[in-house]
Amino acid sequence: QVQLVESGGGLVQPGGSLRLSCAASGRIFSIWTMAWYRQAPGKQRELVATINSGGSSTKYADFVKGRFTISRDIPKNTVFLQMNSLNSEDTAVYYCNADVSDAPGPWVNYWGQGTQVTVSS
């Protein structure tokens, strides 16, 4: 079994920054794509950013381009989300997501428990 544990959420003023972290642990052979999603109250969960296994390719939702940066520390099985120029519309629970294989072969998709980000003055 694999666990994804997010940290770094909290309350921040508009225009401020936060850095989220998500560490994967457990029986891990390889971690493929890692991603961040978010879900605001009353809304569907939406994709924020993805990063490939080698960390060389990233993709972003239009609403965060130029403000958020996804990165990963491969040896530490950790993915980060640097969030700058935050505004109230970024308020949501942010979830880590990863495709993980515990042996050579197909991967399984895992979710973290989520971390709350609140942007408010």
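The first residue of the sequence shown is numbered 1, and numbering continues consecutively from there.
Distance alone, capped at 3.5 Å, places no donor-acceptor pair between the T91 side chain and the E89 backbone. Within the 3.5 Å criterion, the main-chain N or O of C96 finds a donor-acceptor partner in the side chain of E6.
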Start with the C-alpha distance between V108 and V2, add both sets of side-chain angles, then the distance that settles side chain to side chain contact (heavy atoms under 4.5 Å, CB included), and finish with yes or no.
-> CA-CA 9 Å; V108 175; V2 173; over 6 Å; no
Verdict with reasoning, Y95 to Q39, per side chain to side chain contact (heavy atoms under 4.5 Å, CB included) | CA-CA 8 Å; Y95 296 91; Q39 187 168 17; 4.1 Å; yes
Go through the steps for L20 and T115 under the test side chain to side chain contact (heavy atoms under 4.5 Å, CB included), then give the verdict.
-> CA-CA 8 Å; L20 305 182; T115 185; 4.0 Å; yes
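Here ring pair (Phe, Tyr, Trp, His ring centres under 6.0 Å) pairs that include residues 33-62, with residues two or more places apart or in two chains, are Y37-W111. Evaluation of the disulfide bond (SG atoms under 2.5 Å apart) test over residues 30-60, restricted to residues two or more places apart or in two chains, returns none. Sorted by first and then second residue, the pairs that involve residues 41-56 and meet salt bridge (Lys or Arg N to Asp or Glu O under 4.0 Å), not counting sequence neighbours, are R38-E46.
Across all non-hydrogen atoms, the minimal contact from F80 to S21 is CD2-OG, 3.3 Å. Across G9 and V117, no two heavy atoms sit closer than the pair CA-CG2, 4.2 Å. The two atoms that bring I31 and A98 nearest to each other are CG2-CB, 4.2 Å, heavy atoms only. In this structure, A24 and L4 approach most closely via the heavy-atom pair CB-CD2, 3.4 Å. N97 and D99 get closest at one heavy-atom pair: OD1-OD1, 4.4 Å. Scanning both residues, S71 and V79, for their nearest heavy atoms gives O-CG2, 3.2 Å.
By the criterion of side-chain heavy atoms lying less than 4.5 angstrom apart, applied directly or through intervening Ile, Leu, Val, Met, Phe, Trp or Tyr residues, F63 is grouped together with L81 in one hydrophobic cluster. The hydrophobic clustering, which links ILVMFWY residues whose side-chain heavy atoms are closer than 4.5 Å, places F68 and V12 together. Under a hydrophobic-cluster definition in which Ile, Leu, Val, Met, Phe, Trp and Tyr are linked whenever side-chain heavy atoms come within less than 4.5 Å, directly or via other members, V64 and I70 are assigned to the same cluster.
Partner T50 forms a side-chain contact (heavy atoms from CB on, under 4.5 Å) with one of V48, N52, L47 and no other, that one being L47.
There is a side-chain donor-acceptor pair under 3.5 Å between S17 and N84.
The closest side-chain heavy-atom distance from L86 to L18 is below 4.5 Å. Side-chain contact between P14 and V119 is present, with at least one heavy-atom pair separated by less than 4.5 Å. A 4.5 Å side-chain heavy-atom check between S120 and L11 finds at least one atom pair inside the cut-off. Here the side chains of Y94 and Q116 are not in contact, with every heavy-atom distance at 4.5 Å or above. Considering only heavy atoms from C-beta on, N77 comes within 4.5 Å of I28 through its side chain. Between D90 and R67, some side-chain heavy-atom pair lies under the 4.5 Å cut-off.
Separating the CD atom in Q13 from the OG atom in S88 is a distance of 13.0 Å, to the nearest 0.5 Å.
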